[in-house]
Amino acid sequence: MIAKSETRPNAVDAFFADIATRGQIPVLGTTSGTIRFDISDATSLEHWYVTVRKGEVTVSHKNTRADAVCKLDKELFADIAEGRRQAMSAILRGAMVAQGDLSLLMSFQRLFPGRIGSKGRVAPITEVAQKR
Amino acid sequence: MSTDLVQILEGNTFVVSDNTGDIEASLTDPTGLFSFDTRYLSKWILLVNGSRLNALTVDDTAYYETRFFLVPGTGTVYVDSKLSVIRVRTVADGFYESLSFLNHQDDPVDLEIRLEAASDFADLFEVKDALKKKGKYYNRIEDGCLILGYERDTYVRETQVVADEATTIDQHGVEFSIQIAPHGRWSTELAVLVDLGSGIEVNHPKAAQKSRRSGSAKARGLDKWIERAPSLNCSLDSLKRTYQRSLVDLAALRFSTLTMPNHALPAAGLPWFMTLFGRDSIITSLQSLPFTPELAATTLLALGERQGTVIDDFRDEDPGRIPHEMRYGEMTAFEERPHSPYYGCADATPLYVVLLDEYERWTGDTKLVRSLEFEARAAINWIDEYADLQGNGYLSYQRRNEKTGLENQCWKDSWDSISYRNGTLPGFPRATCELQGYAYDAKMRGARLARHVWHDPAYADRLEHEAANLKRRFNRDFWVKDGEYFAIALESDGRQVDALTSNIGHLLWSGIVDKSKAGAVVRHLMGPRMFTGWGVRTMAQGEGRYNPIGYHVGTVWPFDNSFIAWGLRRYGFKREAAAVAAGILQAADCFDGRLPEAFGGYEREVTQYPVQYPTACSPQAWSTGAPLLLIRTMLGLEPVGDHLIVDPVLPAEIEHLELLDIPGRWGKIDAFGRGLVDVANPRSLKRTR
């Protein structure tokens with residue numbers, strides 16, 4: 001299970017803590033497999049194992065067999081987890097290395113948020129809509 | 001550019017060269033070796049004793065292989081015919097080139113042969129917009145190979161030039177110093193391989209193992225592909241040719257995503273649109289369903305995998321939205337373009353559900369339909385939850401990415417395609433009429449799937465109720481009373497954008513048109529303002545912006561016509577459908593069986609020949625699919641339960657047509673038809689029951 005951070009949780013911890021407590025995640029409803037994230041900074045290397053079983057997500061640091069591996073640095077992960085950067089672009093850029101079952105990674109990356117500051121639909125709800 | 005040659009692998013690797021096989025690109029000249037939307041070679045020039053060669057003939061033996069027959073000299077072929085050169089290029093992950101030099105003299109000949117190589121690693125977007133590069137170039141020689149490289153931060157792309165017998169390799173090319181005996185021959189092989197960088201681990205078998213790889217494996221693949229499709233026999237040779245051409249072109253347009261490397265879906269067009277497109281891949285899958293249903297399955301899976309889940313204004317993404325376009329180049333990698341993927345497309349999402357249902361009706365593959373239930377429901381939900389931008393219950397579009405997003409998100413995506421009769425352009429958001437038809441059809445078909453596959457009758461009832469409500473309102477709000485047709489769009493304030501366009505034909509296909517209004521719609525489609533003799537114009541003659549060679553304002557689009565014909569059949573206008581099919585298929589014959597994206601909207605009697613609209617891509621996927629859908633339409637093929645109904649209504653010029661081994665949930669079925677309809681007078685309206 002999630003390792004408790006003594007200090008304020010950083011973006012990496014916060015992201016994994018969030019997905020581990022969401023319960024059944026519908027967009028992963030037909031997805032199964034384990035992804036290992038190798039997240040490094042100047043001084044450390046963390047391994048995070050995310051296992052998806054038809055939408056049920058568990059997160060762990062415990063070593064297990066992974067179907068896909070993602071290697072990236074901590075700052076980039078934080079940027080992706082907070083919508084400042086996008087995962088697919090990071091892979092194309094070589095900033096994040098993806099190995100193994102790319103289909104699994106493609107499904108998983110849908111859990112990352114959209115670009116920060118996005119507001120969604122541009123049109124105002126008119127009176128017509130309220131009358132409908 | 002007319003002499004440029006294009007070669008392609010099943011995928012997104014392709015070569016554009018001149019007719020000697022040489023590549024000499026500038027930032028704006030689109031020749032080169034391209035892969036994953038990046039140019040990996042911008043210079044590839046064959047020099048013999050310091051001079052370039054001339055082309056005698058070029059033989060496009062297959063879409064992935066070309067033979068160039070070359071001779072030295074600068075004038076006519078008679079200047080120096082003592083030496084000939086055969087250059088055979090096969091496209092794979094990169095390309096392989098075999099060079100043979102034939103000495104026709106009684107004396108030995110000494111030759112200095114050189115291949116000049118360089119790359120600008122331009123992103124396709126940079127080629128299009130002539131933008132400058134931000135990274136650094138490098139060259140190095142490693143293990144006897146020349147490596148051309150480009151680097152920007154973590155982004156690295158490399159081209160590897162492998163030559164077995166080169167006497168010299170330098171930073172700018174490879175050289176061979178050889179002597180050929182009298183009447184002798186000397187041959188060598190080179191390989192040019194592309195590297196996508198470290199982000200994705202794609203297996204690149206070593207050059208040495210692959211450099212001898214011939215086209216034979218691919219040729220076998222192509223033969224099998226054609227063998228698997230139904231076979232067509234016909235009294236009309238031109239239709240047989242067009243059918244064969246369509247199958248081969250569809251094979252060339254196959255594209256595999258990185259996540260599903262062993263499955264193919266139709267890309268949008270060769271060469272510049274060899275990627276996953278929501279709209280084009282779905283439309284082409286619909287057209288080819290009776291012939292190659294596996295394309296539809298891959299399209300549904302690949303698009304479902306990339307369906308939007310979050311709100312992202314840069315990518316115009318919403319939850320449930322089906323992507324518009326995926327790109328892999330540098331500008332996408334650095335998020336200078338939103339194509340990873342980009343979602344700005346208003347029709348792909350409802351059409352996704354339409355394709356899912358049509359696929360199940362043909363194949364009976366309920367397993368796939370069950371596995372995509374979440375995606376289908378999310379797509380239907382998007383229509384009302386995220387796409388009702390006018391707030392009036394109609395599907396409309398307006399981009400949120402004002403800088404690099406698409407302004408027009410329907411298939412007529414040019415700036416002036418949506419207009420009033422007097423030519424005025426409407427504001428945004430725009431609710432174009434065909435989008436309402438697609439939304440209606442998506443709900444009706446979603447309801448059928450909910451009832452029969454997902455076993456959720458309450459959801460089915462709800463969708464049918466919503467669809468009926470939409471149809472009722474649509475027939476009231478979009479109907480232009482004084483003209484008796486449907487407006488092309490509604491403005492936010494409810495005003496009808498009232499130009500008469502081919503979009504009304506798509507409405508018939510979707511089934512949103514009240515039966516009482518169908519006759520009037522068909523009279524317009526087959527009348528002199530819209531029907532040219534070849535097909536239905538995108539915009540009616542006499543409208544403010546009408547122009548017979550305007551991209552979406554007067555030209556005839558074969559794909560558009562194939563859906564119009566399908567729509568005519570749906571409402572019982574079988575003879576009119578046959579007339580449209582006859583016109584488009586006759587046009588296809590004028591283009592040797594390969595329909596262009598669009599051709600001029602001139603009267604057939606005036607030009608006698610369809611005037612091709614200049615476009616960058618050929619073949620275009622949905623033009624390739626058009627003859628397939630027209631064949632389906634003429635034969636009246638319609639899956640009903642576990643049976644395939646055949647109800648042929650053919651133009652008289654096709655005396656006899658048979659389509660054998662049509663695959664589907666029934667196993668394989670043959671369809672036969674005899675031509676009876678006199679299409680010379682398509683305007684005589686009689687409803688055939």
Side-chain angles (χ1 to χ4, degrees), chain A residues 24-32 54-55 68-73 76 79-80 83-132, chain B residues 36 152-157 196-201 257-261 301 305-315 317-319 326-330 332-335 338 340-341 370-375 378 385-393 396 398-400 428-429 492-494:
Chain A
Q24 172 73 20
I25 299 178
V27 297
L28 300 179
T30 53
T31 304
S32 292
K54 290 195 181 291
V69 177
C70 252
K71 298 175 184 177
L72 69 169
D73 68 45
L76 176 60
D79 281 347
I80 292 170
R84 283 186 298 275
R85 285 292 195 177
Q86 192 226 21
M88 184 65 199
S89 305
I91 291 175
L92 292 176
R93 208 161 63 239
M96 171 162 138
V97 177
Q99 298 164 316
D101 184 350
L102 296 180
S103 201
L104 178 61
L105 286 174
M106 183 64 72
S107 299
F108 182 82
Q109 67 137 14
R110 298 164 80 187
L111 298 188
F112 291 119
R115 181 170 280 210
I116 197 163
S118 290
K119 291 182 171 64
R121 53 194 291 168
V122 283
I125 304 296
T126 61
E127 287 170 30
V128 185
Q130 284 155 17
K131 279 185 209 150
R132 181 154 63 93
Chain B
F36 285 96
R152 175 178 165 195
D153 301 334
T154 48
Y155 178 91
V156 179
R157 295 292 183 268
L196 191 58
S198 61
I200 302 165
E201 306 242 317
T257 65
L258 288 168
T259 52
M260 286 191 280
L301 286 166
E305 206 168 59
R306 289 160 184 78
Q307 183 176 39
T309 45
V310 293
I311 287 170
D312 185 324
D313 292 349
F314 178 58
R315 294 177 182 81
E317 177 181 356
D318 311 299
M326 177 72 211
R327 291 291 185 181
Y328 302 87
E330 181 182 345
T332 303
F334 283 90
E335 304 190 47
S340 54
R370 268 196 300 272
S371 77
L372 292 173
E373 180 181 348
F374 173 82
E375 285 76 5
E385 187 73 28
Y386 296 96
D388 178 10
L389 301 181
Q390 295 183 339
N392 54 7
S396 56
Q398 179 171 14
R399 64 178 176 178
R400 307 201 294 274
F428 291 93
S492 286
D493 59 9

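Side chains are part of it too, since the values below use all heavy atoms of this structure and drop only hydrogens, waters and symmetry mates. Computed from a predicted model, the values in this text were never measured in an experiment. Just so we're on the same page: letters track the sequence lines, and every chain starts at 1.
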Test your reading of the model: is there a side-chain donor-acceptor pair from A:Ser118 to the backbone of B:Asp313, 3.5 Å cut-off?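 Looks like yes, one N/O pair under 3.5 Å.
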
With a 3.5 Å distance limit and no angle check, can you tell me whether A:Gln86 reaches the backbone of B:Ser340 through a side-chain donor-acceptor pair?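 Yes.
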
Does the side chain of [X] reach to within under 4.5 Å of the side chain of [Y], using non-hydrogen atoms?
X: A:Lys119; Y: B:Arg400; result: no
X: B:Met326; Y: A:Met88; result: yes
X: B:Glu335; Y: A:Arg93; result: yes

Separation between [atom1] of [X] and [atom2] of [Y], rounded to the nearest 0.5 Å:
X: A:Leu92; Y: B:Leu196; atom1: CG; atom2: CG; result: 7.0 Å
X: A:Asp73; Y: B:Thr154; atom1: CG; atom2: OG1; result: 9.5 Å
X: A:Arg121; Y: B:Ile311; atom1: CZ; atom2: CD1; result: 9.5 Å
X: B:Tyr328; Y: A:Ile91; atom1: OH; atom2: CD1; result: 11.0 Å

Minimum heavy-atom distance between B:Leu258 and A:Leu102, given as atom pair plus value: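 In this case the closest contact between B:Leu258 and A:Leu102 is O-CD1, 3.7 Å.
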
Looking at A:Phe112 and B:Val310, what are the two nearest heavy atoms and their distance?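 For A:Phe112 and B:Val310, the tightest heavy-atom pair comes out as O-CG1, 3.6 Å.
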
Contact origin within A:Pro113 toward chain B - heavy atom pairs under 4.5 Å: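 It is the backbone, since no side chain atom gets that close.
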
Selection from A:Ser107, A:Pro26, A:Gly29 maximising heavy-atom pairs under 4.5 Å formed with chain B: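 Most heavy-atom pairs under 4.5 Å with chain B: A:Pro26.
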
Which answer fits [X], side chain, backbone, both or neither, if we ask what part of it has an atom under 4.5 Å from a heavy atom of chain A?
X: B:Glu330; result: neither
X: B:Phe334; result: both
X: B:Arg315; result: side chain

Side chain to side chain donor-acceptor pair (under 3.5 Å) with B:Arg327: which residues, sequence neighbours excluded?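 In terms of side chain to side chain donor-acceptor pair (under 3.5 Å), with neighbours along the sequence ignored, B:Arg327 is linked to B:Asp37, B:Glu325.
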
Would you check if there is a donor-acceptor pair between the side chains of B:Ser371 and A:Thr30 at a distance under 3.5 Å?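 Not at all, the side chains of A:Thr30 and B:Ser371 share no donor-acceptor pair under 3.5 Å.
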
